[in-house]
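Here, residue 1 is the first one in the sequence, and each next residue gets the next number. Since this is a predicted model, take the numbers as computed values, not measurements.
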Amino acid sequence: MRVNWNHIKLACLSVAVVTLYGFADHRSKQQKVNTVTVKFVGDENLYITEDAVNKLLIQKYGPLKNRAKEQLVLNTIEEVILSNDMVKNAQVYLTVNGELISKIVQRKPIGRVEGISKFYLDDTGKRMPLSKHHSARVPIITGEITGKSLEDAYVILNYINEDDFLRKNVIGIHIKEEGNYQLRFRMENFVVNLGGVDNLNAKFKNFMAFYAKASKDNSLEEYVTVSLEFNNQVVCTKI
């Protein structure tokens with residue numbers, strides 16, 4: 001009987017591949033964590049620190065260094081990190097060198113509420129607790145804090161953050177009542193009565209035209225209030 005050496009070679013090769021794969025898989029599972037690294041992506045202002053993340057993981061799992069790979073559930077580690085109120089997103093992975101890396105995106109505050117309770121409003125419109133590690137330089141929100149007024153404040157802040165001049169100069173939003181909002185500026189003494197959040201583009205376009213002219217005339221200090229509440233008008237009150 002003629003022996004088909006090609007079939008035998010193929011069978012041997014298949015056995016060798018399976019054996020090597022099994023050996024590699026076994027070694028991979030036995031791989032241990034050599035170092036634990038926390039990396040923050042984006043904003044350099046740390047509302048949660050590397051130490052805080054490590055303590056959070058130790059409280060849940062104990063020390064991770066020297067832990068075998070097969071004992072790690074990376075998705076669960078991500079969920080633990082995401083349980084922190086300062087974290088927006090987290091990605092955890094183990095490198096071939098045994099480095100356990102946690103990449104963290106922090107939540108981003110865009111306003112700070114000063115009321116009976118104090119907290120940030122983040123860039124998704126949700127409440128975010130204050131941090132003991134860093135205080136964000138964002139507009140202060142005061143007045144009648146309600147769910148609806150915070151939704152409107154979020155709309156105003158989003159508009160402000162899209163404009164370089166407004167982002168640098170608006171330091172506060174005061175809520176007189178729902179649908180009635182005032183703005184305070186960094187270098188000016190007057191208050192801007194914005195009214196509601198309707199027609200923000202037209203309102204701020206009129207305001208910028210007024211500001212440019214008053215700045216050119218050196219008359220900005222003469223005004224106490226600047227009202228944008230009326231259609232296509234800027235109504236000012238002088239000292």
Which atoms form the tightest heavy-atom contact between [X] and [Y], and what is the distance?
| X | Y | result |
| --- | --- | --- |
| N206 | Q233 | ND2-N, 3.9 Å |
| P139 | I110 | CD-O, 3.5 Å |
| T142 | H174 | OG1-ND1, 2.9 Å |
| H133 | L46 | CB-O, 3.5 Å |
| I156 | L200 | CA-CD1, 4.4 Å |
| K88 | L82 | O-CD2, 3.8 Å |

Just wondering, more than 12 heavy atoms not from [X] lying within 6.0 Å of its [atom1]?
| X | atom1 | answer |
| --- | --- | --- |
| N189 | CG | no |
| K216 | NZ | no |
| E221 | CD | no |

Straight-line distance of [X] [atom1] to [Y] [atom2], nearest 0.5 Å:
| X | Y | atom1 | atom2 | value |
| --- | --- | --- | --- | --- |
| N199 | L228 | CG | CG | 11.5 Å |
| L64 | Q71 | CG | CD | 10.0 Å |
| M187 | K168 | CE | NZ | 13.5 Å |
| K60 | L56 | NZ | CG | 9.5 Å |
| L121 | K108 | CG | NZ | 13.0 Å |
| I104 | I48 | CD1 | CD1 | 6.0 Å |

The side-chain contact (heavy atoms from CB on, under 4.5 Å) partner of R127 among L150, V113, D122 is L150
Open item on the list: One pair to check against side chain to side chain contact (heavy atoms under 4.5 Å, CB included): I173 and L183. What are the steps and the verdict?
Closed with: CA-CA 5 Å; I173 299 175; L183 304 180; 3.7 Å; yes
Do F119 and M128 pass the side chain to side chain contact (heavy atoms under 4.5 Å, CB included) test, and can you show the C-alpha distance, the side-chain angles, and the key distance before you say yes or no? CA-CA 6 Å; F119 54 90; M128 172 182 170; over 6 Å; no
Is there a side-chain contact between [X] and [Y] in this structure, where contact means two heavy atoms from C-beta onward sitting under 4.5 Å apart?
| X | Y | result |
| --- | --- | --- |
| V36 | N54 | yes |
| L157 | I141 | yes |
| K205 | M208 | no |
| V155 | N158 | no |
| E78 | N75 | yes |
| P129 | Y47 | no |

Go through the side-chain N and O atoms of N201 and Y159 and say whether any donor and acceptor fall under 3.5 Å apart. yes
Task: Whether F207 and F204 hold their rings parallel, tilted or perpendicular, with breakpoints at 30° and 60° - done: perpendicular
Worked verdict on S135 versus R112 for side chain to side chain donor-acceptor pair (under 3.5 Å): CA-CA 10 Å; S135 180; R112 175 171 174 155; 3.2 Å; yes
Counting only N and O atoms by type, is there a donor-acceptor contact under 3.5 Å from the side chain of [X] to the main-chain atoms of [Y]?
| X | Y | value |
| --- | --- | --- |
| S149 | E144 | yes |
| N97 | E99 | no |
| R167 | N161 | yes |
| E222 | K238 | no |
| Y61 | Q59 | no |
| K203 | G196 | yes |
| Y120 | R107 | no |
| R184 | V170 | no |
| E114 | I140 | no |
| D163 | L166 | yes |

| Derivation and outcome, side chain to side chain contact (heavy atoms under 4.5 Å, CB included), residues T225 and C236 | CA-CA 6 Å; T225 61; C236 304; over 6 Å; no
* Check: Y223 ring centre within less than 6.0 Å of Y211 ring centre -> no
Does the side chain to side chain contact (heavy atoms under 4.5 Å, CB included) test come out yes or no for S102 and K39, once each step is laid out?
CA-CA 6 Å; S102 300; K39 296 182 179 180; over 6 Å; no
Do [X] and [Y] land in one hydrophobic cluster if side-chain heavy atoms of ILVMFWY residues count as linked below 4.5 Å?
| X | Y | answer |
| --- | --- | --- |
| L94 | V92 | yes |
| I81 | I58 | no |
| F165 | F210 | yes |
| L194 | L220 | yes |
| L57 | L74 | yes |

Take T146 and E178 through the test side chain to side chain donor-acceptor pair (under 3.5 Å) and record every step on the way to the result. CA-CA 8 Å; T146 66; E178 289 183 6; 2.8 Å; yes
Would you mind checking if K55 and D51 are paired as a salt bridge, meaning a charged N to carboxylate O distance below 4.0 Å?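 Judged by the 4.0 Å cut-off on N to carboxylate O distance, D51 and K55 do not form a salt bridge.
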